[in-house]
Each structure stands twice: as C-alpha cells, then as structure tokens.
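Shown next, in structure tokens, is the structure this report addresses.
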Amino acid sequence: MAKTQIGARVDAEIAELARKRAADRGMSVGDYLAHLVLEDASGLRARAMGAAERFLAEHQALFDEAEESERAGKGRQAA
C-alpha cells in the first residue's frame with residue numbers, strides 16, 4: 001500500500017510518549033499511529049475498554065479485598 005505523509009502538532013510530552021510506546025512495540029511512530037487509528041476505526045479499542053470495565057465491575061470486590069489486606073499488612077510491626 002502506498003504511504004502518504006501527514007503532519008500533526010502535539011505537545012512535547014505526547015510526542016515523547018508516542019515515541020516510547022512505538023519503541024516498546026518495535027514499531028515506527030508512523031506505524032504505531034496508523035495502528036491506533038485502525039483500532040479506533042474498527043471499534044476494537046472501544047470493545048476492549050468495555051470488556052475491561054465489565055471485568056473490573058465483576059471482580060471489584062477481590063481487588064478491594066487484596067488492597068485492604070496489603071494496607072493491613074503494612075501497618076503491622078515486626079516484634
């Protein structure tokens with residue numbers, strides 16, 4: 001597929017984050033951005049976020065319990 005160059009102005013922090021995330025995935029920034037646009041256009045990102053929300057809603061009590069146990073454990077002193 002032929003490639004077309006586009007330009008966009010973003011904050012320096014966003015540009016650096018895009019570079020880091022692309023590097024983490026072993027991609028160029030252009031390929032990374034194209035991947036994000038395709039995910040967004042296909043609805044994949046929205047479906048993934050919905051699945052994550054449902055998972056958290058279903059299992060929130062377990063996360064709360066684990067957090068409470070961790071807090072209680074940190075408050076204990078060694079004898």
Side-chain angles (χ1 to χ4, degrees):
M1 171 170 31
K3 301 239 179 183
T4 299
Q5 183 173 346
I6 60 172
R9 293 189 183 276
V10 296
D11 292 336
E13 297 85 22
I14 298 296
E16 185 59 27
L17 184 57
R19 287 184 196 100
K20 286 179 180 178
R21 295 297 295 145
D24 288 347
R25 293 180 176 213
M27 305 168 87
S28 70
V29 173
D31 287 344
Y32 175 65
L33 294 175
H35 180 76
L36 292 178
V37 169
L38 289 173
E39 279 184 356
D40 183 50
S42 72
L44 178 62
R45 184 172 296 280
R47 289 192 306 274
M49 292 302 291
E53 287 175 6
R54 287 188 302 277
F55 176 85
L56 288 173
E58 186 176 329
H59 300 289
Q60 187 62 52
L62 293 172
F63 290 110
D64 291 344
E65 185 179 316
E67 230 175 64
E68 185 58 36
S69 285
E70 187 176 313
R71 268 189 247 132
K74 286 184 180 178
R76 294 185 187 145
Q77 298 280 332

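Index from 1, following the sequence. Scope of the values below: all heavy atoms of this structure, side chains included, with no hydrogens, waters or symmetry mates. Bear in mind that the values here come from a model prediction, so they are computed numbers and not experimental data.
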Donor-acceptor pairs under 3.5 Å, side chain of residues 28-35 to any protein atom, not counting sequence neighbours: which ones?
residue: S28; atom: OG; partner: D31; partner atom: N; Å: 3.0
residue: S28; atom: OG; partner: D31; partner atom: OD2; Å: 3.4
residue: D31; atom: OD1; partner: K3; partner atom: NZ; Å: 3.2
residue: H35; atom: NE2; partner: R25; partner atom: NH1; Å: 3.3
residue: H35; atom: NE2; partner: E39; partner atom: OE2; Å: 2.8

Task: Residues forming a ring-ring contact (aromatic ring centres under 6.0 Å, His included) with F55, sequence neighbours excluded - done: H59

Task: Check: E67 and E70 side chains under 4.5 Å, non-hydrogen atoms - done: no

Open item on the list: Taking side-chain contact (heavy atoms from CB on, under 4.5 Å) as the definition, give me every residue that meets it alongside V37, ordered by chain and number, with sequence neighbours left out.
Closed with: none

Task: Heavy atoms from other residues, nucleotides or ligands near CG of L56 exceed 12 (cutoff 6.0 Å) - done: yes

